[in-house]
Each structure stands twice: as structure tokens, then as C-alpha cells.
Amino acid sequence: MAEFKRPANRQEFEENFAPVHPLMNETQAYYESSRCLYCYDAPCVNACPTGIDIPLFIRQIHTGDVTGAAQTIYEDNFFGYACGKVCPTDVLCEGACVYNHQDVKPLEIGRLQSFATGKVLATDKQIFLTGRPNGYRVAIIGAGPAGISCACELRMLGYEVDVFEAKNQPSGLTIHGVAPYKISNEEVLAEVKWLEQQLGFHIHYRHPIESEDQLKQLEETYDAIFLGIGLGLTKSLDLPGENLKNCVGAVEFIEQLRLHQHQVTTGKKVIILGGGNTAMDAASEAARLGAEQVIIAYRRGKIEMSAYPFEYELAKVVGAKGMFYVQPLEIVGNVQVEGVKFVRMISENGKLTPIPGSEFVEPCDTVIYATGQEKQTRFLDKIKDVRWDGKGRIEVDSLTFQTGNPRYFAAGDAVNGGAEVVNAVAEGKKAAKGIHDYLFLGK
Ligand code: SF4
């Protein structure tokens, strides 16, 4: 079990949060790329939501054409560098690599991808050609991966694009919600800045679009509007004691950590409520911030957690422990958290039932709850004919990403309910093509 001292300064923070997928050097990339079999109808490509031509870019790396490799990647995925670092490659491209069938370690596709794109990001070489101006203007609400990807594709098609972002930094959850040992703030910001320079769209920061008047103004100025609004805050626990000091939502905790790094502290004993990937990230981060004990409490069994097994492993490696079949009833404490009252659960034929009399209090001084994120339906209320389903996801045409209001398109977490960065990137690009068909081809 790894033990971490509480980081007192930025250097110690960076040591505790050292990248789990560090960048390759030239020699490593050369040898790793030499292992590729350049499969026909490669399963790794089929497993990539953005369909990157993986064997081609690996061959380009191996033959020394690193710029060509980056171009191949960016052709399909505008977040080529970030996705190489934050994608769950174990269940996507690397999980599909043919080497898995021979019990041989699959190609490190993600690290090769970040190697090639990282080399190009470090230069000012122009690798994109923007389309000839077509006279149309599109407004993008939200500078997350879906919004930026849509903006990039629209610029390639000749549109004038303005992105409106409520926060003071771009990239949505990539910078606010991904664990810092996967990608650093600097790396995320560098790729977005590079894309802005390469493709010439403009991001207006601290510019929230919230009112009907603002939307009306956008409708008067732009020919189409893309909603890349993502998700909201962590859903409430709806339990007594939720408002006690040191009881925080996982998304808010991770955002604070990314923004304030070593200045964020946790208690000595932290209980994480939830069994998804965000819960695993929060557990791992609490341990790396120096918590002495981290417990992941989940109401069902280990194999029923929605987190990827490798994410649970990442949390376990740094000392987090699982506590299963326990349902929280109350956050216990006076002014601040002193524990969590649980009841033990039993699963019979898939149905969970509390075991009478099994209540107990697990002492702790911090609770982080990862109970999913709120949907932003209150904002959608303001837009005529934009509808959402029972789970609060914006309803769109599955091919064009057009909403019920023909001038509005949407993609990313607000549509898929919360998926990976790579899914948002893929959808944002498809939505741009949907906008193009609607405006330019009149479909
Ligand atoms: Fe190369 Fe593996 Fe993809 Fe085949 S499946 S092309 S070996 S990365």
C-alpha cells in the first residue's frame, strides 16, 4: 500500500499526483510502435469512439513522421493529446488490441497518441487548414470537449464561431473533473490554446448564458446555436447531516483540488459514498492528499460497481479500501462530520434489502459523495422546443444532434447523461456536421 505525506507545496503535490501515464521519450515510442501488427480492419480503431486510424499513426511514429502521426490523430479527434491521457484505454482501443488474445501486453496506444500530439503542440507548426468563410455564424455555449470539438469542426467547414464559457478556463470536466494524475491543468490548457490558435475560434470566458434575453440575442446574431452545457453539481444525498462541514460532493472536491492543489486538505479518515469512476477518482485523490484511511462505501457488491475495474485498482494501489453492501442513512456530527450511519444490505435475486438491526456508525472526519451530477434542465426551460427525457438528457436526433428547435444542436454529457471525454469529442464533431447539413445544405 502506498502512503502519501500531506503535500505542503506545489512540488510535493506534483510528486503525490505524478502522472499514471507519463509521456514516452523518442526511444520508448520507437520500440513501442515497432510492436504494432498493423492489423487489417483493426479492432483498436473500431473500439475508438472517434475512429482514429491507430495503425496508421503508429506506423507514422515508427517511420519518424511524428507530425504526420499527429495529423492523423487530430483529423478524427481534436483532443488527441488529452484523450491519449484520460481515455479509459483499457476498455477502448487497448482493450481491443489483438495482443490481448495472446496474453501479451497490448500496445500502449494512449501513450503513443500523447507522444505524437505532444510533439506537435510544442511547435507552432500549422497543421489544420480552415475552410473558406461561408458567411454563417455559430454560437457555442460551453467550452467543454463537446463545444470545442464542435467549434473546431465548424471552423474546418468555414464557419465563424464564438464560444461562450461561464468559467474562466476552458475544457469543462477535462480540467475541472479529471484526476490530476491523469492530466495536468497546464497540459489541458496548452491543447485548447493551440486549437484556438490553429483554427481561429474565440472563447469568451466568464460569459455565462443564463437568461432568455441573452438567448434571444444569440438567436439574432448567430445562425445556429450549439449547447455543450455538460452537467451540474453533484446530486444531493438527501440524507440528514448532508450540510455538515467536510461533507462535500465529489465533483466539487475534484474541481477544488484541480484549482487549488496542495491548498486543499482532507481529514485523516475519509469515506467516499458511491461506486462509479468519480468515486474512485475521489478516493485516490484523498489518499494522495495524505488521508490516513480512505473507505469506498457502496450499497451493492464490488462487481456491481459501475467503475471500471482498473479505476478501482488505481484507488486500491494508493491505499483505499472497499466496504460493500452498506447503505448510508445519515451523516453524523454536530458542526462537522464525525461519521456515517450505515445499514447493512443483502441482495436477493438482485433486489437489495436492508438487514434489520444491522445499523452501525463508521467514524470519519470527511465524507465525499459521488452520487452522479444534476442535469441543467432549468436552463433548457428557457429555450422553446428543446426537450429532455425523464433522466434530464437533452433529446436530439441521433445522427445530426439537432434538438426539437431546429436552430439548436446539443452533444456531450448534457445529451449522453455523462460519458467519457472522447464521447463528447466525437459527438461535438458529429453535431458540427449536423449544423452544416442544416444551414449549408438546407437539410
Ligand atoms: Fe496495432 Fe493492436 Fe491495433 Fe493491431 S489491434 S493495429 S496490433 S494496436
Side-chain angles (χ1 to χ4, degrees), residues 19-122 127-128 145 149 152-153 174 178-179 181-183 187-188 191 277 307-314 419-430:
V20 286
H21 298 301
L23 276 179
M24 285 179 174
N25 62 32
E26 315 255 342
T27 311
Q28 289 170 319
Y30 179 79
Y31 281 106
E32 187 60 10
S33 59
S34 74
R35 296 205 299 128
C36 186
L37 303 172
Y38 309 121
C39 305
Y40 175 73
D41 198 15
C44 55
V45 178
N46 296 328
C48 172
T50 55
I52 294 172
D53 191 339
I54 293 165
L56 174 60
F57 92 68
I58 293 180
R59 188 191 294 270
Q60 287 167 314
I61 290 175
H62 193 61
T63 54
D65 181 12
V66 177
T67 305
Q71 265 167 327
T72 301
I73 295 160
Y74 279 120
E75 211 165 280
D76 291 306
N77 183 332
F78 292 109
F79 280 70
Y81 182 85
C83 283
K85 293 214 142 201
V86 308
C87 261
T89 51
D90 298 43
V91 294
L92 296 174
C93 53
E94 293 174 18
C97 177
V98 293
Y99 276 124
N100 290 295
H101 302 302
Q102 300 158 4
D103 273 345
V104 175
K105 188 169 168 282
L107 262 280
E108 290 197 68
I109 301 168
R111 288 183 72 204
L112 284 168
Q113 186 171 307
S114 295
F115 165 78
T117 46
K119 288 274 172 216
V120 169
L121 290 181
I127 73 158
F128 291 109
S149 178
C152 291
E153 186 68 14
T174 321
V178 173
Y181 46 81
K182 291 181 181 166
I183 192 165
E187 290 173 302
V188 176
E191 188 166 48
N277 291 319
Y308 297 127
F310 69 86
E311 295 279 10
Y312 180 50
E313 284 307 313
L314 264 182
E420 304 297 336
V421 171
V422 69
N423 299 99
V425 173
E427 291 174 13
K429 193 171 162 95
K430 285 182 197 157

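Note that the structure is a prediction, hence the values are computed from the model and not measured. Just so you know, ligand 1 is whichever comes first in the structure, and atom 1 is the first atom listed for that ligand.
- Below 4.0 Å from some heavy atom of Ile109 lie the following atoms of ligand 1, by number and element: 8 (S).
- Looking at Glu153, its side chain never comes within 3.5 Å of a backbone N or O of Lys430 through a donor-acceptor pair.
- Using a cut-off of 2.8 Å, one finds that Cys44 contributes an N/O/S atom close to atom 3 (Fe) of ligand 1.
- Atom 2 (Fe) of ligand 1 has an N, O or S atom of Cys97 closer than 2.8 Å.
- One finds a salt bridge joining Lys182 and Glu311 here, because a Lys/Arg side-chain nitrogen approaches an Asp/Glu carboxylate oxygen to under 4.0 Å.
- Atom 1 (Fe) of ligand 1 has Cys36 SG, 2.4 Å as its closest protein atom, hydrogens excluded (heavy atom only).
- With a 4.5 Å cut-off on side-chain heavy atoms, Tyr81 and Val188 do not count as touching.
- Residue Cys39: an N/O/S atom is found under 2.8 Å from atom 4 (Fe) of ligand 1.
- At the shortest separation from atom 7 (S) of ligand 1 among protein heavy atoms lies Leu37 N, 3.5 Å.
- When atom types are taken as modelled, the side chain of Asn77 and the backbone of Ile52 share no donor-acceptor pair closer than 3.5 angstrom.
- Residues Phe128 and Phe78 bring their aromatic ring centres within 6.0 Å.
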